[in-house]
Number of protein chains: 2
Amino acid sequence: MRYSATHKEETRTKLLESSGNIAKTGGFDSTGIDALMAALGLTGGAFYSHFSSKQDLFAALVEREIDRSAKMLAGTPDSPSDHVSKCVRSYLSTFHAEHPESGCVLVALGAEIARSSPEVRAGVEQSLKQVQSAWTGRLGGDKGKAWAVMAQLIGALVLARVVESPRTRQQILTSSRSAVQEMTLNSPPLG
Amino acid sequence: MRYSATHKEETRTKLLESSGNIAKTGGFDSTGIDALMAALGLTGGAFYSHFSSKQDLFAALVEREIDRSAKMLAGTPDSPSDHVSKCVRSYLSTFHAEHPESGCVLVALGAEIARSSPEVRAGVEQSLKQVQSAWTGRLGGDKGKAWAVMAQLIGALVLARVVESPRTRQQILTSSRSAVQEMTLNSPPLG
DNA sequence: GTCTATAGCATGATAGAC
DNA sequence: GTCTATCATGCTATAGAC
């Protein structure tokens with residue numbers, strides 16, 4: 001064959017990465033296969049050597065995105081004790097708000113995930129539960145608090161992106177940071 | 001003319017209402033003009049008697065949706081003192097999570113609004129500020145807390161819609177309700 | 001104001017050459 | 001594995017009849 005043994009896998013990985021970034025910026029449905037392939041210097045016809053359909057790509061893409069985010073947010077057993085607050089600071093940053101292409105897939109593609117297949121949503125749910133489980137230990141054992149912190153982060157970023165003025169965007173992010181800080185300090189189960 | 005004097009306005013209103021519901025369910029970009037008009041028993045050609053382009057409809061639709069939500073959430077000066085908590089209960093309901101067509105436009109179309117024109121986003125921002133302003137007075141004067149509550153609501157609904165199992169969805173909504181309750185009770189400015 | 005017809009283009013997906 | 005060519009369909013938007 002004219003291509004190296006690992007070429008297909010490499011191309012598939014690049015395609016997932018690149019398509020993820022593009023979809024998070026312009027929407028998945030709204031972006032054509034030709035555009036996704038052109039970003040890799042390829043043509044549309046080559047797409048079907050890697051995925052059987054556009055929906056197939058969406059499933060793989062969402063799984064990859066949510067997996068990576070979940071691993072990053074969950075951290076490891078030897079992560080520092082301020083791991084969660086570090087995640088919060090970086091999640092609620094102006095950079096994140098202004099760069100959907102490298103940001104959280106739930107903020108950029110949440111609605112499209114919501115109307116996707118049960119399989120895709122089940123995978124997303126599993127990853128979210130990993131974060132919830134990891135954070136619960138760091139939030140005083142309150143399982144609900146982890147969900148609430150996640151909701152706070154996601155909602156703040158949605159708000160930050162829909163408003164027009166950078167000033168309001170900054171106020172939203174700052175307010176959300178304060179709210180999370182209060183949530184994580186006043187842990188009733190811990191007293 | 002063969003049509004009543006108010007016919008155009010009525011059709012335009014129905015079109016905004018119906019298109020809003022459809023777009024919130026299936027996405028705006030993903031839905032064709034023919035489908036939007038068919039929902040009113042009309043054909044695609046008639047669309048351009050009401051809007052000059054699909055983007056024009058989007059702008060009008062988002063403004064209508066966010067205006068209605070903002071008025072509802074902001075309430076009036078003579079709204080009961082538990083107005084905010086009533087809003088929270090209804091926003092964080094299973095019904096809302098399972099019925100995007102009648103729900104908050106920010107949850108369903110947030111990403112599409114984020115990449116729309118500055119004009120659209122400025123209108124959204126203005127409506128959000130009305131809610132923020134109205135809620136600030138009911139939340140101990142803390143301007144940031146209103147943003148945080150809004151973020152909590154929106155994020156929880158995004159999460160509730162992306163997960164697969166009704167059980168997890170319920171846990172998310174319940175956790176968010178508790179979090180908002182804590183936020184609104186422990187108001188440092190109030191003590 | 002709504003219809004049909006259509007232009008002009010983009011799309012998802014397939015077939016066959018290399 | 002990628003290319004070009006193509007099919008069938010969908011789309012936004014326009015033109016002209018009623």
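All heavy atoms count here, side chains included; hydrogens, waters and symmetry mates do not. In what follows, every chain begins at residue 1, and chains take the letters A, B, ... in the order their sequences are listed.
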Using whole Å, what does the distance between atom [atom2] of nucleotide [N] and atom [atom1] of [X] come to?
{"X": "K14(B)", "N": "dG1(C)", "atom1": "NZ", "atom2": "P", "result": "14 Å"}
{"X": "K8(B)", "N": "dG1(C)", "atom1": "NZ", "atom2": "P", "result": "4 Å"}
{"X": "E10(A)", "N": "dT2(D)", "atom1": "CD", "atom2": "P", "result": "11 Å"}
{"X": "Y3(A)", "N": "dG1(D)", "atom1": "OH", "atom2": "C1'", "result": "4 Å"}

### Query
Taking the side chain of T11(B) as heavy atoms from C-beta outward, which of dG1(D), dT2(C), dG12(C) is closest to it?
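The nucleotide sitting nearest to the side chain is dT2(C).
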### Message
I want to verify a distance call: between dT2(C), dA13(C), dG1(D), whose nearest atom is closest to the S53(A) side chain?
### Response
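When the side chain of S53(A) is considered, dA13(C) is the closest of dT2(C), dA13(C), dG1(D).
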### Message
Pairing donors with acceptors under 3.5 angstrom, does anything connect the side chains of S175(A) and S178(A)?
### Response
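No donor-acceptor contact under 3.5 Å links the two side chains.
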### Task
Indicate whether any N or O donor in one side chain lies under 3.5 Å from an N or O acceptor in the other, for S133(A) and T136(A).
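Judged by distance alone, the side chains do not pair up.
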### Task
Among residues two or more places apart or on two chains, list those pairs meeting side chain to side chain donor-acceptor pair (under 3.5 Å) that have a residue in residues 86-106 of chain A.
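Non-adjacent pairs meeting side chain to side chain donor-acceptor pair (under 3.5 Å): T94(A)-Q170(A).
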### Task
Tell me whether the guanidinium CZ or amine NZ of K54(A) lies under 6.0 angstrom from the six-membered ring centre of Y48(A) and within 45° of its axis.
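The answer is no; the distance or angle limit is not met.
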### Task
May I ask you to check whether over 12 heavy atoms, not counting those of Q126(B), lie within 6.0 Å of atom CD?
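Open: at most 12 neighbouring heavy atoms sit under 6.0 Å from CD of Q126(B).
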### Close approaches to DNA chain C from residues 26-52 of chain B, in residue order (heavy atom, under 4.0 Å)
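Under 4.0 Å from DNA chain C: G41(B), L42(B), T43(B), G45(B), A46(B), S49(B), H50(B).
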### Message
Enumerate the salt bridge (charged side-chain N to carboxylate O under 4.0 Å, His left out) contacts for residues 153-177 of chain A, please, sequence neighbours excluded, ordered by first and then second residue.
### Response
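Not a single pair qualifies under salt bridge (charged side-chain N to carboxylate O under 4.0 Å, His left out).
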